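To start, the structure itself, in structure tokens.
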There are 2 protein chains.
Amino acid sequence: MSGDHWVPPPVLLTVDLVILTLRESCLHALLIERGIEPHQGALALPGGFLGHEKEDLMMAAHRELAEEAGLGPDQLHLEQLGVYGAPDRDPRGRVVSVAYLAIAPRLPEPVAGTDASQACWTPVEQALSVDSQLAFDHEQILTDGVDRAREKLERSALATAFCGPTFTISELQDVYEAVWGVPLDARNFYRKVQSVDGFIVPAGPSRKTDGGRPARLFRPGPRTTLHPPMMRPLSEADRETA
Amino acid sequence: MSGDHWVPPPVLLTVDLVILTLRESCLHALLIERGIEPHQGALALPGGFLGHEKEDLMMAAHRELAEEAGLGPDQLHLEQLGVYGAPDRDPRGRVVSVAYLAIAPRLPEPVAGTDASQACWTPVEQALSVDSQLAFDHEQILTDGVDRAREKLERSALATAFCGPTFTISELQDVYEAVWGVPLDARNFYRKVQSVDGFIVPAGPSRKTDGGRPARLFRPGPRTTLHPPMMRPLSEADRETA
DNA sequence: TAGACTTACTGTCACTCTGACAGGAAGACC
DNA sequence: GGTCTTCCTGTCAGAGTGACAGTAAGTCTA
């Protein structure tokens, strides 16, 4: 505050998206192959610069969601994940990224032929493996997004966002098992899910078959927070003990 | 992507701080009275613009923490809270704020005579009441910060950040009661806290008195996450049921 | 020095929730 | 009609929680 007309340094804002969905009982994220420098040819999260001076951040996220993934704002969970603003994260200068986490139900087909040169659903395990180098700090952002989803499955009804408008309890269990990466006991899962009032509500007498006994259909209930939380079997908790 | 030399709109970045502490068993936040326009004279969260082009975001938070609150980086929890970037939140133009949540142990005295015209610890209940109008969207940021602290007390060892290097179990219970705003049973609290391995560890045979029987001293343990979580009596959970 | 008082701490008991099993119900396929 | 698959309902022991009583170890007061 020494000078009177000191001007703060301007920065450029990007919005990056961690879009998660389930495909064949496996957690996938949408990645694009970058068509321009920097990191041309590398895999990256979909995203882009703020459109104009007056664009709201979440509106920008919705816009990118539509442009790069063909996803409308309906039936889609979208929440802010965090800011990533290390000074050297982008060689073009000071670019700060606002990351959003989107949860989408299973979609017809991988989107392509849109703005991004190529968009493909990639298993997160593969995307986070050592040999797949993501652009910028997108590996960190993706890791944080998956962690956030794992945590929110414990205490919120977020899991239903992975499903369509109606779903069976088995499908919901698939979500938990895929995101957490651990098997769950179906019987205890049935009991728990049905005991939490307002989590899922029956969706008519309709049923759909898949080889065995037809399953009842449910749809998301009004409850958004789970008390008590859904318990996740500890696998990483013990290494934090030491 | 119609033009080849389209330039993204630059924005200005501020770092705002929600600094929480306990004073007389009551949750307080540090607020300053703004000395300049806009919102001159109104109460606001401490914060300021990014210092220079190469400044890291968390470093900027630490800098503001030192300038406006006199708090060093030691013995202080600091984490990112979120981004607040509504287009009309600042009349000066497009100013996007990165909010950080800081938890500080009880400090000697309210800081003043530093950069800000006036800094004072304010009970959060009072700061969030209708008659105290905070500048910008700082009421929302403060609300989010308090909510974040409430949630993290359930599943992490964050409560120890409110205490000094050593503390008694009663002091720790004070933290939970003040942040959650509900009374807890001391006996159950003792049992729970001591049963979670690595949460708190005895700090020597020393004791300090406060009128009654001397209490054992503890210090934070290596455990950062609590499994199973500390249970919060439901008060707002039932209104989410409807 | 013997209370009274304050705070710290240890147990106990009933209840709920969870994890780990077995077994029946309802369709499709052969 | 059997067999397969998937869906769904119970049962039981152990862990964890909420509610409550009682003891321990200091200070203060008379």
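Side-chain atoms are counted along with the backbone in the values below, which use heavy atoms only and exclude waters and symmetry mates. Lettering of chains follows the sequences in order, A, B, ..., and the numbering in each one begins at 1. Bear in mind that the values here come from a model prediction, so they are computed numbers and not experimental data.
For the pair B:I200 and B:F167, the minimum side-chain heavy-atom distance is below 4.5 Å. In this structure, the side chains of B:I32 and B:L43 stay at 4.5 Å or more apart for every pair of heavy atoms.
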Check nucleotides 13-17 of chain D against the protein and report each pair of N or O atoms closer than 3.5 Å, with its distance, or say if there are none.
unit_1: D:dT17; atom_1: OP1; unit_2: B:K192; atom_2: NZ; d: 2.8

Could you go over nucleotides 25-28 of chain D and give all protein N or O partners under 3.5 Å, atom names and distances?
unit_1: D:dA25; atom_1: O4'; unit_2: B:R213; atom_2: NE; d: 3.4
unit_1: D:dT27; atom_1: O4'; unit_2: B:G211; atom_2: O; d: 3.4

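In this structure, A:H227 places its NE2 atom 14 Å from P of C:dC17, rounding to the nearest Å. Look at CZ on B:F189: it is 12 Å from P on C:dA8, rounded to the nearest Å. Put simply, CG on B:L172 is 16 Å from C1' on C:dC9, counting in whole angstrom units. Atom P of nucleotide D:dC7 and atom CG of A:L217 are separated by 11 Å, given to the nearest angstrom. Here C:dT18 presents its P atom at 10 Å from CG of A:L226, a figure rounded to the nearest Å. One can place CZ of A:R187 at 15 Å from P of D:dT6, the figure rounded to the nearest angstrom. One can place CD1 of A:I200 at 13 Å from P of D:dC7, the figure rounded to the nearest angstrom. Remark: P of D:dC8 and CD of A:Q173 are 11 Å apart, rounded to the nearest angstrom.
Taken to the nearest 0.5 Å, the NE2 atom of B:H62 stands 7.0 Å off from the CE atom of B:M58. Separation of atoms CE (B:M231) and CG (B:L226) is listed at 11.5 Å; rounding is to 0.5 Å. A distance of 7.0 Å separates CG of A:L172 from CE of A:M230, quoted to the nearest 0.5 Å.
Of the residues listed (B:L20, B:L27, B:L22, B:I19), the one engaging B:W121 in a side-chain contact (heavy atoms from CB on, under 4.5 Å) is B:I19, and it is the only one. Across B:D16, B:L57, B:L65, B:V18, a single residue satisfies side-chain contact (heavy atoms from CB on, under 4.5 Å) together with B:Y100, and that is B:L57.
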Point to revise | A:L45 and A:L17: CA distance, side-chain angles, deciding distance, side chain to side chain contact (heavy atoms under 4.5 Å, CB included) verdict | key: CA-CA 6 Å; A:L45 297 174; A:L17 295 168; 5.8 Å; no
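Residues A:E151 and B:R155 are paired through a salt bridge, judged by an N-O separation under 4.0 Å between the basic side chain and the carboxylate.
One finds no side-chain N or O of A:Q194 lying less than 4.0 angstrom from the OP1 or OP2 phosphate oxygen of D:dC8. Put simply, A:R216 has a side-chain N or O that comes within less than 4.0 Å of OP1 or OP2 on D:dT9.
The aromatic rings of B:F136 and B:H138 lie tilted to each other, with the angle between the two planes from 30° to 60°.
The bend of the helix from C:dT1-D:dA30 to C:dG23-D:dC8, defined by the angle between the axes of its first five and last five pairs, stands at 10° to the nearest 10°.
Between A:E68 and A:G47, the shortest heavy-atom distance links the atoms OE2-O, 2.8 Å.
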